[in-house]
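Reading through the structure tokens given below for one structure.
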Amino acid sequence: MSIQTMTRVLLTALAALFYLAVSAQDITGQWNGILEVQGTQLRLVFNVAQTGSGYSSTLDSPDQGAKSIPVTITTFEDSLLTFEVSNLNILYKGTWKGDDIEGTFKQAGQSFPLNLSRKPVEKQVVKRPQEPVKPYPYRAEDITFRNADANITLAGTLTLPNKEGNFPVVILITGSGAQNRDEELFGHKPFLVIADYLTRNGIAVLRYDDRGFGQSQGNFSKATSADFAKDVESAVAYLKTRKKIDPVKIGLIGHSEGGVVAPMVASTNRDISFIVLLAGTGIRGDSLLLLQQEAIAKASGMPEQRIQESKVVNRKAFDMVLQSASTEALKTNLTAYIKQVLHNNPGEIPNGMTEDAFTALQVNQLISPWMQYFIQYDPAAALQKITCPVLALNGEKDLQVPAKENLHAIETALKKAGNRNATIVPLPGLNHLFQDCTTGLPNEYANIEETFSPAALDRITRWIKEQDQ
């Protein structure tokens with residue numbers, strides 16, 4: 001499972017139903033806390049009121065736009081406050097100390113400190129020196145456009161150079177997981193940084209919230225890469241209606257999964273004049289996930305025997321997805337298989353989870369529409385049809401989309417297309433987010449101040465300008 005996918009599962013859980021019931025002492029009122037998940041800070045607010053039979057509560061998650069979520073099932077004994085969300089495998093335990101509760105939030109075997117206070121809390125300011133500060137030396141316009149086929153409206157930002165003329169434009173396409181128009185993750189906003197840099201250099205940029213996230217409509221949980229490609233098509237159609245946009249110079253920049261979506265669009269849409277693939281994949285999804293898991297495990301110091309054993313288990317699970325006739329049949333077969341694996345390896349079950357709960361978590365991830373599509377999709381099919389200019393970049397320390405295998409596959413597919421304007425570049429020292437890094441491991445992402453390599457920004461910009469000549 002990719003890091004972005006695992007993060008999406010955790011963040012989505014916070015917007016689901018929490019259950020709370022409290023007894024003893026006066027804990028009514030508002031309790032505020034900040035949950036940190038891989039560099040992302042989420043404010044949580046519990047609102048507790050007393051009733052005739054105990055307490056009733058609601059939960060607000062301001063950063064996700066969620067308010068008044070019903071909350072139930074809580075115990076409060078000997079100053080120990082416990083919130084349980086059994087259907088989401090969430091457990092919070094905290095020690096009540098009057099105006100504060102010091103505790104731990106757990107889900108799916110992962111633990112995160114979460115302290116609650118009666119006082120409002122503020123997010124910690126992290127150093128992100130590349131993020132632009134208003135006023136910008138260009139126009140930034142909040143816009144909306146329609147995907148008529150899906151009957152949804154998508155919301156985004158269009159930035160335009162502050163001068164006369166028609167400009168080349170790029171559409172930024174996010175990686176896996178529900179993300180906003182800035183592709184905000186691990187405390188970074190890479191698309192904001194990219195859009196700022198390109199627009200300062202005379203290139204217009206459209207970036208938008210993923211469907212069902214931020215201000216965009218739609219259902220993200222049921223969407224696949226093919227659906228995201230339709231959203232991009234709608235963005236292209238919108239740009240063709242705009243003044244100051246050169247309609248014959250519309251390009252796509254896709255990061256990670258976005259590097260899969262961009263070729264899908266470019267292979268059929270003749271309005272695309274160039275594409276930039278940032279850690280785009282060139283191999284089928286099941287092969288990529290196995291490669292990714294092995295690369296991260298090795299970099300983390302996992303013993304080779306354990307890596308190979310895990311690879312065998314995952315390979316069989318992915319084969320079941322590849323061969324499935326229906327989602328219901330797949331669910332049944334995967335449940336039986338994973339339970340068998342856990343029965344033989346009980347130590348794999350995270351602390352605080354039952355075998356059934358852990359099995360359900362794994363199965364639900366594998367049978368989701370997005371995951372089934374991703375595992376089965378081979379990006380070579382689209383790449384072999386692309387004749388427009390292509391720039392493919394990968395960080396040599398990328399462990400999520402390893403550079404060597406994927407750049408080679410992309411180059412091979414483009415040659416089959418007869419593409420004579422393909423630039424394939426591995427970038428030394430960069431990770432999956434195109435940060436200068438030490439190991440490339442995902443646990444570094446949030447701790448690195450750099451959001452996006454200046455050298456990579458310069459290379460992208462110069463290449464796009466060359467296509468404009």
Side-chain angles (χ1 to χ4, degrees), residues 1-19 35 37-38 40 42 61 64 69 73 82-93 104-112 114 176-178 185 212 219-224 285-286 289-290 292-293 296-297 300 302 306 309-322 324 326-375 400 442-443:
M1 203 65 56
S2 72
I3 298 302
Q4 292 97 329
T5 301
M6 290 188 287
T7 303
R8 178 172 75 239
V9 172
L10 182 61
L11 301 188
T12 301
L14 292 175
L17 296 179
F18 275 68
Y19 294 94
L35 182 67
V37 182
Q38 294 179 324
T40 299
L42 291 174
S61 181
Q64 295 178 304
I69 301 170
I73 306 179
T82 302
F83 301 156
E84 292 186 52
V85 190
S86 56
N87 60 328
L88 296 175
N89 303 306
I90 291 175
L91 175 67
Y92 177 80
K93 288 188 176 183
T104 302
F105 177 97
K106 295 182 178 180
Q107 188 198 23
Q110 299 186 71
S111 299
F112 306 92
L114 176 61
S176 61
L185 71 173
N219 188 332
F220 185 89
S221 65
K222 294 184 178 180
T224 68
D286 60 323
L289 291 175
L290 289 173
Q292 175 189 107
Q293 291 161 357
I296 292 176
S300 301
M302 183 180 291
R306 178 80 181 278
E309 290 172 349
S310 177
K311 191 173 182 180
V312 170
V313 170
N314 290 329
R315 173 72 276 169
K316 185 171 181 180
F318 295 157
D319 284 343
M320 294 171 74
V321 175
L322 291 169
S324 66
S326 71
T327 297
E328 281 305 312
L330 177 62
K331 182 176 182 179
T332 299
N333 294 335
L334 279 172
T335 299
Y337 172 62
I338 292 175
K339 282 192 172 184
Q340 178 187 5
V341 171
L342 294 176
H343 179 74
N344 296 330
N345 302 274
E348 297 295 325
I349 303 174
N351 292 332
M353 292 193 72
T354 64
E355 179 183 300
D356 286 345
F358 187 60
T359 298
L361 178 66
Q362 301 299 311
V363 170
N364 289 337
Q365 289 178 346
L366 286 168
I367 68 172
S368 71
W370 181 89
M371 183 59 75
Q372 288 191 63
Y373 187 95
F374 185 80
I375 287 174
Q400 292 185 240
N443 60 18

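All figures in this text were calculated on a predicted structure; none of them were measured in a lab.
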Measure the shortest side-chain to side-chain distance between Met320 and Leu366 over non-hydrogen atoms and say whether it is less than 4.5 angstrom.
no

Check against side-chain contact (heavy atoms from CB on, under 4.5 Å), Asn314 and Gln293:
CA-CA 9 Å; Asn314 290 329; Gln293 291 161 357; 2.9 Å; yes

Student check: side-chain heavy atoms of Leu322 and Asp286 closer than 4.5 Å
yes

Write down the atom of Pro369, the atom of Lys222, and the distance for their closest heavy-atom approach.
CB-O, 3.9 Å

Say whether, by atom type as modelled, one donor and one acceptor occur between the side chain of Tyr337 and the main chain of Val313 under 3.5 angstrom.
yes

Please check if the side chain of Ser310 supplies one atom and the backbone of Arg306 the other of a donor-acceptor pair under 3.5 Å.
no

Would the distance check show the side chain of Asn219 and the main-chain N or O of Ser221 forming a donor-acceptor pair, the cut-off being under 3.5 Å?
yes

Main-chain N/O of Thr327 paired with Ser324 side-chain donor or acceptor, under 3.5 Å
no

Quick check for you: to the nearest 0.5 Å, what is the distance between Lys316 atom NZ and Leu334 atom CG?
10.5 Å

Using 0.5 Å steps for rounding, measure from the CD atom of Gln340 to the CG atom of Asn345.
10.0 Å

Could you give the distance from CD1 (Ile349) to OG1 (Thr354), rounded to the nearest 0.5 Å?
7.5 Å

On a heavy-atom basis, the closest approach of Phe220 and Gly177 is CZ-C, 3.4 Å

Could you please spell out the steps behind the side-chain contact (heavy atoms from CB on, under 4.5 Å) verdict for Ile367 and Gln372?
CA-CA 6 Å; Ile367 68 172; Gln372 288 191 63; 4.2 Å; yes

Heavy-atom pair of closest approach, residues Glu355 and Lys339:
OE2-CG, 3.8 Å

Smallest heavy-atom separation, Gln400 atom then Pro442 atom, equals OE1-CG, 4.2 Å

Nearest 0.5 Å, please: how far is CZ in Arg315 from CG in Leu289?
9.5 Å

To the nearest 0.5 angstrom, please state how far the CG atom of Asn364 sits from the OG1 atom of Thr335.
8.0 Å

